[in-house]
Amino acid sequence: MRPCVVVVPGGGYLENSAREAEPIAVRMLSYGFQACVLHYSTAPSCHPVALAELAQAVALVRARAGDWHIDPRAVFVAGFSAGGHLAANLGAAWDGPMLASFGFDAQTIRPDGLMLGYPVISAGSFAHTPSFKRLLGERADDDAARAAVSIERLVTDAFPPTFLFHTMTDATVPVENSILLLQALRCAGVPVEAHFFPTGRHGVSLGTEESRYADGTGVEPCVQVWPNLFRDWVRRRLTTPCIP
């Protein structure tokens, strides 16, 4: 039985980025993990549609764990950019009333760990405003609605262990998003490993040729180490050796 990584691409809640989908899943497979990609609803769909879809995906993976050779105690969610926000939202909301109102059993939808790559986190002064406008729709200017999806304000000690990375030169989603989350996780006593790389544009994905942008940018040697670091983090999280 193997751990499974549910990959959640970014795209600003406008689309699902192909560069953060199959290339990530293939790399996870190369480590002996099982992997799948969630293509979730984006604008004009609004919160909490995508959140419910991710919860359903995690529940499905656990329900089919035997058929798919997955360890149901090792289901990880890896989200990038806005997909990182979605993954972190599940990390904050898995045991809350919103998802319970959809009929989910909390333990079936709880990620055993999160991998967040340059995530959209805060709806405050460091917000990636387009993401929150698409996520919230007509409620985008409502302070209470924004606070309810500002992840650094939602962290408790029930938040899953988290692996986090960001680049210092990200001009789209400021690195402060990850720093705010890191501070919140530390305050709540949640296990966290964080890596901040000196260079790399937003959406760097693997930082390799296989995940570069169409214009040829996005190849960042300093970032290319993160998948191996995440692999090692997963292995340390497992209570039984199930990876060859």
Side-chain angles (χ1 to χ4, degrees), residues 3 5-33 35-38 76-88 91 111 113-122 126-128 130-131 151-152 160-183 185-186 191-237 243:
V5 179
V6 180
V7 180
V8 188
Y13 284 113
L14 176 65
E15 61 183 359
N16 285 232
S17 169
R19 298 177 45 262
E20 296 160 338
E22 184 176 327
I24 305 297
V26 170
R27 180 64 65 89
M28 296 300 109
L29 291 170
S30 77
Y31 295 145
F33 301 166
C36 57
V37 177
L38 175 65
F76 297 85
V77 177
F80 299 82
S81 190
H85 178 270
L86 180 53
L114 299 178
M115 197 301 297
L116 306 177
Y118 40 90
V120 173
I121 293 295
S122 179
F126 297 107
H128 180 245
S131 288
I151 306 301
E152 80 279 11
T162 298
F163 179 100
L164 179 68
F165 82 92
H166 216 119
T167 63
M168 301 301 293
T169 54
D170 191 327
T172 303
V173 177
V175 69
E176 282 82 1
N177 280 265
S178 287
I179 293 172
L180 286 169
L181 180 61
L182 175 60
Q183 292 173 332
L185 294 173
R186 280 176 51 81
V192 57
E193 178 172 324
H195 298 273
F196 296 95
F197 299 105
T199 59
R201 62 176 289 184
H202 186 69
V204 70
S205 187
L206 295 171
T208 62
E209 283 286 342
E210 66 191 297
S211 66
R212 65 177 175 82
Y213 279 92
D215 64 5
T217 62
V219 178
E220 289 289 340
C222 70
V223 176
Q224 293 171 9
V225 68
W226 81 256
N228 288 348
L229 294 171
F230 172 64
R231 173 202 62 197
D232 296 344
W233 180 82
V234 169
R235 288 175 171 172
R236 291 194 300 272
R237 296 301 311 170
I243 310 175

field: Gap between atom CZ of F76 and atom CE of M115 - 0.5 Å precision
entry: 12.0 Å

task: Using atom types as modelled and distance alone, determine if a side-chain donor or acceptor of E220 lies under 3.5 Å from a backbone N or O of G207.
output: no

- request: Could you tell me whether the side chain of S17 and the main chain of E15 form a donor-acceptor pair under 3.5 Å?
  value: no

- prompt: Could you state the interatomic distance from CG (L185) to CG (L116), rounded to the nearest 0.5 Å?
  reply: 8.5 Å

task: Kindly state each residue pair satisfying salt bridge (charged side-chain N to carboxylate O under 4.0 Å, His left out) with at least one member in residues 78-87, sequence neighbours excluded.
output: none

field: Approximate separation, where rounding is to 0.5 Å, of H128 NE2 and T172 OG1
entry: 6.0 Å

message: List the residues meeting side-chain hydrogen bond (donor to acceptor under 3.5 Å, both in side chains) with N16, not counting sequence neighbours, and say none if there are none.
response: none

query: Taking it one step at a time, do V7 and E20 satisfy side-chain contact (heavy atoms from CB on, under 4.5 Å)?
result: CA-CA 8 Å; V7 180; E20 296 160 338; 5.9 Å; no

message: Run the side-chain hydrogen bond (donor to acceptor under 3.5 Å, both in side chains) test against H166 and tell me which residues pass, sequence neighbours left out.
response: D170, S178

task: Using side-chain hydrogen bond (donor to acceptor under 3.5 Å, both in side chains) as the criterion, list what pairs up with S205, not counting sequence neighbours.
output: none

message: Give me the atom names and distance for the closest heavy-atom approach of A25 to V37.
response: CB-CG2, 3.9 Å

task: Apply side-chain contact (heavy atoms from CB on, under 4.5 Å) to V5 and F230, showing your working.
output: CA-CA 11 Å; V5 179; F230 172 64; 4.2 Å; yes

field: Heavy-atom pair with the smallest gap, counting every atom of G12 and S131
entry: CA-OG, 3.4 Å

Heavy-atom check, side chain of V223 versus side chain of F197, under 4.5 Å: yes

task: List in chain and number order the residues that pass side-chain hydrogen bond (donor to acceptor under 3.5 Å, both in side chains) with H195, two or more places apart in sequence or in another chain; answer none if no residue qualifies.
output: E193

- prompt: What do you reckon, are the aromatic ring centroids of F165 and F196 less than 6.0 Å apart?
  reply: no

Shortest non-hydrogen contact between P198 and T169, atoms and distance: O-CG2, 3.3 Å

- line: I121 and A88 have their tightest heavy-atom pair at CD1-CB, 4.1 Å

- prompt: Just by distance, do the side chain of S81 and the backbone of G10 share a donor-acceptor pair under 3.5 Å?
  reply: no

query: For Q224 and P227, which heavy atoms make the closest approach, and how far apart are they?
result: O-CD, 3.2 Å

- request: Kindly indicate, with the supporting measurements, whether the criterion ring pair (Phe, Tyr, Trp, His ring centres under 6.0 Å) is fulfilled by W226 and F80.
  value: CA-CA 13 Å; W226 81 256; F80 299 82; 5.8 Å; yes

- prompt: Which salt bridge (charged side-chain N to carboxylate O under 4.0 Å, His left out) pairs, counting each pair once, include a residue from residues 194-216, with sequence neighbours left out?
  reply: R27-E210, R201-D215, E209-R212

message: Would you say that P119 contacts L164 through its side chain, given a criterion of any heavy-atom pair below 4.5 Å between the two side chains?
response: yes

- request: Take R237 and F163, measure what side-chain contact (heavy atoms from CB on, under 4.5 Å) needs, and give me the verdict at the end.
  value: CA-CA 11 Å; R237 296 301 311 170; F163 179 100; over 6 Å; no

The single option from I179, N177, L181 passing side-chain contact (heavy atoms from CB on, under 4.5 Å) against S122: N177

- request: Verify side-chain contact (heavy atoms from CB on, under 4.5 Å) between V175 and F126, making sure each step is shown before the conclusion.
  value: CA-CA 9 Å; V175 69; F126 297 107; over 6 Å; no

task: Determine the minimum heavy-atom distance between C222 and T199, stating which atoms define it.
output: SG-OG1, 3.4 Å

statement: Here the gap from R231 atom CZ to F33 atom CZ, rounded to the nearest 0.5 Å, amounts to 8.0 Å

